[in-house]
There are 2 protein chains.
Amino acid sequence: MTEVEATDHLILEAAREVFLKKGFAGARMEDIAKTAGMNRALLHYYFRSKRELFQIVFDKHFTELQSGLQDILSSEVILTEKIQLIINFYLDKLEANPDLPAFIIQELTVNPERLFLLIKEKQRLPGRTRLVFEEQVREAVRKGRIREIDSRHLIINILSLVVFPYIGRPYAKMFLELDEPSYNAFLKIRRREISSFILKSIQP
Amino acid sequence: MTEVEATDHLILEAAREVFLKKGFAGARMEDIAKTAGMNRALLHYYFRSKRELFQIVFDKHFTELQSGLQDILSSEVILTEKIQLIINFYLDKLEANPDLPAFIIQELTVNPERLFLLIKEKQRLPGRTRLVFEEQVREAVRKGRIREIDSRHLIINILSLVVFPYIGRPYAKMFLELDEPSYNAFLKIRRREISSFILKSIQP
DNA sequence: TAATTATTTAACAATTTTGTTAAACAATAT
DNA sequence: ATATTGTTTAACAAAATTGTTAAATAATTA
């Protein structure tokens with residue numbers, strides 16, 4: 001890695017940290033610079049503007065999440081295993097980046113058009129891979145391996161159970177009266193809880 | 001309602017609309033004024049500052065949600081019915097204010113200290129009411145009416161399934177390839193889906 | 001070592017946004 | 001009808017923030 005690439009990376013890491021915590025409007029270039037251990041001038045020497053920096057960070061994380069999910073959805077494993085894979089994939093990502101969902105959701109709420117641009121760019125519509133999953137669920141229902149359920153609700157249920165405790169962390173912490181380490185421990189245990197919850201709920 | 005009260009209300013409604021869409025940092029006093037059909041000068045004639053306006057809006061919504069949930073949790077109805085009540089209470093609130101959870105979560109993420117102030121102020125800790133629910137779940141488990149489950153996971157599961165489709169609306173819409181009306185229809189159907197999902201998952 | 005490249009400093013311009021003010025005007029109440 | 005209160009206009013001050021620039025300095029590379 002050359003120095004330029006190293007600095008590039010340093011800045012993007014700092015930008016990720018600040019944007020994830022504060023969102024676009026709340027983030028300050030000054031904070032990003034300080035987090036990266038430098039000054040604003042150098043930031044602009046490497047990246048034209050706040051917007052550009054933000055888009056790089058956002059697109060990277062979003063695409064990673066999205067393509068990871070699609071890979072799993074379209075993979076050739078049995079349904080229960082696939083559900084496990086989705087849960088584990090997301091929870092691994094979230095343990096590493098707890099603020100990620102709040103960041104993505106906030107930007108998509110303020111700026112929903114971005115989604116369509118991003119998806120067109122990547123030339124990969126969710127539909128195709130979702131249909132594979134849809135068919136798989138229908139077949140499992142037909143064969144009586146799981147109860148009658150709409151695959152769209154199933155996938156949203158999975159995402160909900162996995163993602164909400166991270167998006168809603170401050171609320172949940174308060175409600176359960178747990179401090180940071182206890183809440184993290186709670187989330188660790190929860191990994192198994194989610195699996196059994198989901199699998200139980202789709203039993204025939 | 002006097003004129004003053006009417007204008008007060010008008011401004012707070014406008015503030016609610018703009019803050020819910022844009023968050024604190026993203027909201028503009030100019031937007032709030034225009035939404036209320038007036039100008040910035042009058043806004044400041046009624047409310048000292050953006051912060052003050054925001055706090056009123058935030059506190060009102062948060063307290064409403066919180067005390068509503070606590071009333072239900074501590075009420076004297078059987079567990080399955082209580083779960084239904086929670087689901088319906090939240091979904092009703094969310095249908096009326098779809099942006100509410102994103103708004104609350106975003107502010108709590110940026111500004112977690114606020115929670116403690118708010119809760120101290122209201123003199124109503126979540127613990128007490130949560131313990132009622134906790135005991136109720138334990139009893140149901142003991143009597144074999146539901147499977148072994150930690151009440152904390154149960155309540156987080158309920159909140160997840162109910163709230164996530166609203167917080168994650170832009171993402172879910174894209175993923176399911178639904179337009180606004182179709183997604184709203186999906187959410188309507190989902191009300192029943194959530195109940196059966198939860199109840200199924202806690203069967204003995 | 002000389003030349004090139006990366007980084008800091010410090011000042012500044014431009015923009016955006018919040019908040020204030022005074023004066024004029026409109027509406028309402030006494 | 002007059003006094004009070006509510007509202008608009010328009011200008012402005014203050015602050016915060018982004019982005020630029022030139023010159024000095026440090027680090028790397030040829």
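Every chain is numbered from 1, with letters handed out A, B, ... down the list of sequences.
Among the protein residues, B/Ala33 comes within range of no part of the nucleic acid, since none of its heavy atoms lies under 4.0 Å from any strand. Among the atoms of the strands shown, base atoms are found under 4.0 Å from some heavy atom of B/Arg40. Using a 4.0 Å heavy-atom criterion, one finds that B/Ala36 contacts no nucleic acid atom at all.
The separation between A/Tyr45 atom OH and D/dA22 atom C1' is 14 Å, rounded to whole Å. As a whole-Å value, the separation of B/His44 NE2 from D/dT8 P is 15 Å. To the nearest angstrom, C1' of C/dG19 lies 13 Å from CG of B/Leu53. To the nearest angstrom, P of C/dT15 lies 19 Å from CZ of A/Arg28. Residue B/Leu42 contributes atom CG, which lies 15 Å from atom C1' of C/dA24 at whole-angstrom precision. Residue A/Phe24 contributes atom CZ, which lies 13 Å from atom P of C/dT16 at whole-angstrom precision. Here D/dT8 presents its P atom at 10 Å from CG of B/Leu10, a figure rounded to the nearest Å. We find that CG of A/Asp8 is positioned 13 Å from C1' of C/dA6, with the value rounded to whole Å.
Across C/dT8, D/dT9, C/dG19, the shortest atom-to-atom separation from the side chain of B/Lys50 is found for C/dG19. Distances from the side chain of B/Asn39 to the nucleotides D/dT9, D/dT7, C/dG19 place D/dT9 closest.
For the pair A/Tyr46 and C/dA6, the criterion of a side-chain N or O lying under 4.0 Å from OP1 or OP2 is not met. Contact annotation: B/Thr7 reaches the phosphate of D/dT7 (side-chain N/O to OP1 or OP2, under 4.0 Å).
For the residue pair A/Glu52/A/Tyr46, the side-chain donor-acceptor check at 3.5 Å is not satisfied. B/Asp179 and B/Ser182 share a donor-acceptor pair across their side chains, judged by distance under 3.5 Å alone.
Counting only distance, with no hydrogens or angles, the side chain of B/Asn39 and the backbone of B/Leu42 share a donor-acceptor pair below 3.5 Å. In this structure a side-chain-to-backbone donor-acceptor pair under 3.5 Å is present from B/Lys82 to B/Ser75. The closest donor-acceptor contact from the side chain of B/Gln136 to the backbone of B/Val77 lies under 3.5 Å.
Nearer to the 5' terminus of DNA chain D, by closest-nucleotide assignment, is the contact made by A/Glu30 (compared with the other of A/Ala41 and A/Glu30).
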